[in-house]
Amino acid sequence: MAVLVDGKEYNVPQGASCSDVLKTALSGKKFKALAACRLNGRPADLSTPLDACLASDAACGLEPITADSPEGLEILRHSTAHVMAAAVKSLFPEARVAIGPSIENGFYYDFSYSRPFSTEDFEAIEARMRELAARDLPFVRNELPRDEALRFFIGQGESYKQALIADLPDERVSLYACGDFVDLCRGPHVPRTGLLGAFKLLSTAGAYWRGDEKNAMLSRIYGTAFADEKALKDYLHRLEEAKRRDHRKIGKELDFFAFHEEAAPGMVFWHPKGMLVRTILEDFWRREHLRRGYELVQGPQLLRRELWERSGHYDNYRENMYFTAIKQDDESREPEIHGIKPMNCLSHMLIYRGRLRSYRDLPQRYFELGVVHRHEKSGVLHGLLRVRQFTQDDAHIICTPDQLEEEIIGVSALVRDLMHLFDFSYKVAVSTRPEKSIGSDEDWERATKALVGAIERAGMPYTINEGDGAFYGPKIDVRLLDSLGREWQCSTIQCDFTLPERFDLVYVDANGERRRPVMVHRAIMGSLERFIGVLIEHYAGALPVWLNPVQARLLTVTDAQHPFALEAKEALAAGGFRVEADLRNEKLGFKVREAQVEKIPYILVVGDKEVEARGVNVRLRSGENLGLKSLPDVIELLRADCQKPFKRGGMRYNFSYY
RNA sequence: GCCGGCGUGGCUCAAUCGGUAGAGCAGCUGAUUUGUAAUCAGCAGGUUGCGGGUUCAAUUCCUGUCGCCGGCUCCA
């Protein structure tokens, strides 16, 4: 039989498998690097007879997938997960297997066992995996009618596999055997265990069966695999680097903020340096909103329970809310209950309702840096990225249905400009109507169209999350990537049909008739706490100059330069910059080190030479030394550095602090 | 909330088999006047998260609780 590979024709025996073809085609080449192959664009299963692969395509281009391609890595990791399961089953025969997919940076497999697995088991499991790899066992695919497969797993006592088969729609299912271990699996896999790359088990965790907290907790083992040792090492190195730039660690080192767990778990104590960063960010953001036609408002922290009952929060969100109970003078009466706000929308609606609005007044755009409290479950707290008290850069836009799309375009522009300002990578998703929802089809359709139309006109790539919207309306979510590759939701733009209804918001149209406006909830940074946490990781603590709490520090060599250092400090401060002078009687190397550790952008050394020239020696936090500069030159450098990120578009830099 | 791990000076970490807590950095005091990532010396600092239990004796073992870390679920 003749097969075309890489444009060349090869003769292979009848009944050969894909991997045989590949071996023939690539004899002499580095077969070890090949995990699988692709047939006419689809990954081919190397353990399947070639005929089956070719059944649908007469003329077949067989194209290798290398183990370091994204597709190849996925196959490699999935196969490694199988081998891990095989190793676990051989060491712990009582363990039952659940699922074991490849994931973004590796793979996992979930097991059910009499005790959870721990990292102490890793040595034995990895050793067994290496044995299985050394034996170069083939992965053998076998297709069975589902009944037969079901009987097989019943015989094996694999209850989770039985449950999986029960949910499969297919009449025939595929099994993969690797040594004694047979798993329900769609494939594809590497042909033989000898083709596994470099792998390492990383951690264990509890995970619910099928991700549902009502189900049993399984024991999950995470691992990773790469084409070769070097790629694995690079990855482990990247993990270390990510740990190094953990915002919790850097926040402590730079004295930006702290937590006092004994006093207020999940709530931030902002120290002076961190509070300065926050203040600068807040002021910048308020100005940007005013510039874009928002109005600043602020509502109270507590609202009476009746308000939360009317909004529906009391029914739907109570377990996440904090309440206060004020004892009445008359002891027999129920205490008066206030809810501490978990959201800012109610106040904004009350402000809107303060008087009758005309269509000429719309849109109303209310902006508030609103402090909200949400009692998050204890296990989910995570530094600044997940807290119980946080500040939303929240706005509510109340507009006519006709204005909706235009308003959302404005909001997406704000999202885009902010992401550009910080050079963030982000993902946009539109979430559509969920099963459990309220409102008319017409409302949903119009709002969804407005959202999609707006981000298309803004030129943003996006995905659709079918059925993932809020019950009260569709939404746009924007997720940032942190240094560990984890995604954090920051911006969110949500249409709401419910609250205007519940709170009877109206405007008077051109015909004098009362109409229902649409409300858009939106937050761009999401929460200042989370956003600053992501910023710290993004920049590894070396914040952009305009945002760094200390922009320049003067270091004297000896006491003799004190007067000039103070003079220079005044001059730079008068230029609008945040400057410190380190006059301590310490060696220069020591002061430089401290300034470097604090990630101060401009380290300005003053010795006798500089005093004489009435300048400073400029060292950047990168370590680069710019040599002797006059004070006006330094001011110019600082100014240019502050303005640089704003040149990318949209945003304006026009403020100073000291 | 669930599964697992961990709580020792402000921070980072030690303390054999259970024998009564030790270092570096930071801090304070003094000396030193120094040229681009750590000058030297001295001093001070702890009810080992908190409660209960076992023991002659608990940082160490058991238990409860609070918190943190890694995940799961949820989420800005």
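All chains are named by letter (A, B, ...) in the order of the sequence lines, taking the proteins before the strands, and each is independently numbered beginning at 1.
Between the CG atom of D110(A) and the C1' atom of C72(B) there is a distance of 9 Å, rounded to whole Å. Atoms OH (Y109(A)) and C1' (C72(B)) sit 18 Å apart, rounded to a whole Å. Between the C1' atom of A37(B) and the CG atom of L555(A) lies a distance of 12 Å, rounded to the nearest Å. Rounded to an integer number of Å, the gap from D212(A) CG to C72(B) P is 15 Å.
When each of E262(A) and A560(A) is assigned the nucleotide of RNA chain B with its nearest heavy atom, A560(A) is the one assigned upstream, toward the 5' end. Each of N625(A) and H375(A) lies near RNA chain B, and the nucleotide nearest H375(A) is the one positioned closer to the 5' end.
Put simply, the side chain of R248(A) and the base of C68(B) share no donor and acceptor less than 3.5 Å apart.
Between U60(B) and G49(B), the distance separating the two C1' atoms is 16 Å to the nearest Å. G22(B) and G9(B) have their P atoms separated by 15 Å, given to the nearest Å. The C1' atoms of C11(B) and G27(B) are separated by 12 Å, rounded to the nearest whole Å.
In this structure, F531(A) has its ring center closer than 6.0 angstrom to the ring center of F422(A).
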Q: Would you check, one step at a time, whether the test salt bridge (Lys or Arg N to Asp or Glu O under 4.0 Å) holds for R210(A) with D167(A)?
A: CA-CA 12 Å; R210(A) 289 187 162 155; D167(A) 282 356; 2.9 Å; yes
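Stems are defined here as 3 or more consecutive Watson-Crick or G-U wobble pairs with pairing distances under 3.5 Å; those involving RNA chain B are B:1-7 with B:66-72, B:10-13 with B:22-25, B:27-31 with B:39-43, B:49-53 with B:61-65.
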So which protein nitrogen or oxygen atoms get under 3.5 Å of nucleotides 3-12 of chain B's nitrogens or oxygens?
from, atom 1, to, atom 2, distance (Å)
C3(B), O2, G206(A), N, 3.3
U12(B), OP1, K252(A), NZ, 3.2

